[in-house]
Amino acid sequence: MTVRPPVRPRSGLRRWSVRHARLLEWLYEHFETILLRGLRPLWNALRGTRAEKGVIVVEQGVKGLLFDCRMCGSCVLIATGMSCPMTCLKGLRNGPCGGVRADGSCELDAEQPCAWVLAWDGNQRMRRNERIAGLQAPLDHSRRGTSSWLNKAAEWADDGSH
Amino acid sequence: MTAATDGDQQDSGRDPGAPLPPLPGHSSRGRLERVLRRGEFAVTAEMDPPDSADADEVYQRAAVFDGWVDAINATDGAGANCHMSSVAICALLTRVGYAPVFQISCRDHNRIAIQGNVLGAAAMGVGNILCLTGDGVEVGDQPQAKPVFDLDGISLLETIRIMRDEKRFLSGRKIASPPEVFLGAAINPFAPPVDYRPLRLAKKIAAGAQFVQSQYCFDLPMLRDYMKRAVDQGLHEECFILIGVGPLASARAARWIREHVPGVHIPEAVIDRLAGAQDQIREGRDLCIELIQQIREVEGVAGIHVMAYRRERLAVEIIEKSAVLGGRRPWKRQQAGQA
Ligand code: SF4
């Protein structure tokens with residue numbers, strides 16, 4: 001996967017989502033426990049079927065609108081203050097580079113806020129704001145374009161937690 | 001250990017290119033780690049890589065630092081401009097006994113290339129690796145290039161730590177003889193979000209950083225704040241913190257750097273001082289010397305990292321005049337017939 005050329009954020013809701021990181025955190029946690037975990041067998045049955053495409057379309061639609069999501073397939077929004085790290089022009093998933101401008105804009109595009117300045121802001125609003133300190137493993141690029149929801153459900157299944 | 005640290009020649013083997021005998025608790029067989037672990041105030045310097053395929057140019061540039069620095073950083077396409085590769089410069093330098101720091105930028109290599117290069121570098125006697133995210137291709141002379149950024153600075157640290165300590169590649173495949181390297185990272189205490197920066201240092205340490213070299217420091221109060229937080233968390237005991245310094249040539253140059261070089265923060269007061277001076281070059285040098293002396297006093301600082309683009313001789317003059325080595329003389333290359 002390559003880093004995209006400087007583009008203006010497609011979604012105007014990106015900043016809104018960061019400002020409402022606490023609400024979204026709450027929503028996601030419930031979504032995760034009730035829907036993702038609870039209906040795990042259903043999600044895993046969907047994998048490889050045509051319905052998988054439907055999940056992808058829904059995920060892309062919702063998260064594209066809220067976060068300008070790039071469908072990396074390994075969602076970490078819960079640990080990045082609800083600011084999608086894939087909107088960083090270097091795709092950094094472990095924190096900002098050293099080039100952030102004094103006004104908080106991106107070193108590569110002064111018109112764009114640094115994704116990690118947003119992330120830090122959103123993170124400070126969240127209840128469990130220690131998650132940002134966790135190390136993110138190198139991104140699995142083979143998952144690009146797949147549903148991180150289905151991937152998550154599959155990981156839980158692999159863990160034997162069904 | 002011998003009584004006098006006379007030229008730190010104690011840190012050299014019989015064959016200048018051979019790795020030093022292993023020491024307990026050390027990850028590398030290199031000189032930089034020894035100096036730091038002994039508790040000496042270390043000095044490292046950045047070398048400009050040549051735009052040339054001539055090995056002698058590398059040796060000439062390194063010779064300027066002879067006896068003045070504990071390690072030489074070979075930049076990896078700094079500022080996204082193309083030069084001789086870092087790994088090749090380091091390999092040339094180890095042949096004659098220098099302690100180079102191999103810089104890896106995630107911009108130009110994916111994880112397959114990086115892991116291969118780490119093994120190669122270690123095989124050629126490179127004992128120190130600095131893990132960098134790297135500048136974007138946009139700022140360099142070839143903005144048409146495809147940026148890689150497969151890993152970031154932190155996952156790069158972790159990757160090499162796994163190779164060294166767990167003797168395996170990221171894939172899990174075994175490594176017969178792991179790379180014995182001292183792992184470093186870059187920090188920038190002067191870029192936003194400033195409150196996040198100490199946490200980032202902690203994260204880099206968790207990922208494997210044993211030393212860090214900072215971006216240029218021109219703002220002492222900001223450095224003191226950052227270091228206080230680092231010291232409060234005990235980070236200076238887990239990692240050697242080296243602070244970046246360098247001379248400014250003039251007020252105009254300083255403004256240009258502030259505008260164009262990502263991540264360099266220069267306070268207005270510094271620029272005013274240069275602008276008000278008769279001889280701006282001299283003032284820039286004196287300012288740098290004063291800064292070094294003040295930085296040396298900040299709790300938790302383990303050394304300085306001198307970056308003086310194309311002004312290596314001035315860098316050495318600054319190291320000498322600042323007396324930062326306190327009478328210690330780092331390793332010096334013995335030319336044939338001199339020994
Ligand atoms: S300034 Fe922020 S958004 Fe821009 S490349 Fe660096 S970390 Fe990414």
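Lettering follows sequence order; numbering is per chain, from 1.
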Point to revise | Choice from B:D135, B:N110, B:L151, B:V139 maximising heavy atom contacts with chain A below 4.5 Å | key: B:D135
Check your understanding: Are there more than 12 heavy atoms of other residues, nucleotides or ligands under 6.0 Å from atom CZ of B:R168?
Key -> yes
Review point. Considering residues at least two apart in sequence or located in another chain, which fulfil the side-chain hydrogen bond (donor to acceptor under 3.5 Å, both in side chains) criterion with A:Q124?
Key: none
Check your understanding: Heavy-atom distance under 4.5 Å to chain A: side chain of B:A186, backbone, both or neither?
Key -> neither
Check your understanding: In terms of the angle between their ring planes, are A:W120 and B:Y196 parallel, tilted or perpendicular, with boundaries placed at 30° and 60°?
Key -> parallel
Check your understanding: In terms of heavy-atom proximity below 4.5 Å to chain A, should B:Q215 be classed as side chain, backbone, both, or neither?
Key -> neither
Practice item. Begin from the C-alpha positions of A:K90 and B:T133 and carry the test side-chain contact (heavy atoms from CB on, under 4.5 Å) through to its verdict. Key: CA-CA 9 Å; A:K90 296 179 186 170; B:T133 297; 3.9 Å; yes
Exercise for review: Could you check if a side-chain atom of B:R111 sits within less than 4.5 angstrom of a side-chain atom of A:H141, using non-hydrogen atoms only?
Suggested key: yes
Exercise for review: Determine the minimum heavy-atom distance between B:G136 and A:L108, stating which atoms define it.
Suggested key: CA-CD2, 3.7 Å
Point to revise | B:K203 side chain vs A:G134 backbone, donor-acceptor pair below 3.5 Å | key: yes
Practice item. Would you please go through residues 92-107 of chain A and name the residues with a non-hydrogen atom below 4.5 Å from one of chain B, in numerical order? Key: A:L92, A:R93, A:N94, A:G95, A:P96, A:C97, A:G98, A:G99, A:V100, A:R101, A:A102, A:G104, A:E107
**Study point:** Partner chain A: residue of B:V264, B:T159, B:D195 with the largest heavy-atom pair count (under 4.5 Å)
**Key:** B:D195
**Study point:** A:L39 atom CG: more than 12 heavy-atom contacts under 6.0 Å
**Key:** yes
Practice item. Answer with side chain, backbone, both or neither: which region of B:L170 has an atom nearer than 4.5 Å to a non-hydrogen atom of chain A? Key: side chain
**Study point:** Non-neighbouring partners of A:H20 that pass ring-ring contact (aromatic ring centres under 6.0 Å, His included), sequence neighbours left out
**Key:** A:W16
Using distance only, find each side-chain donor-acceptor pair of residues 232-246 of chain B under 3.5 Å and give its atom names and separation, not counting sequence neighbours.
| residue | atom | partner | partner atom | Å |
| --- | --- | --- | --- | --- |
| B:D232 | OD2 | B:K228 | NZ | 3.0 |

Practice item. Side chain from CB out, backbone as N, CA, C, O: work out which of these in B:R107 comes under 4.5 Å of a heavy atom of chain A, or both, or neither. Key: neither
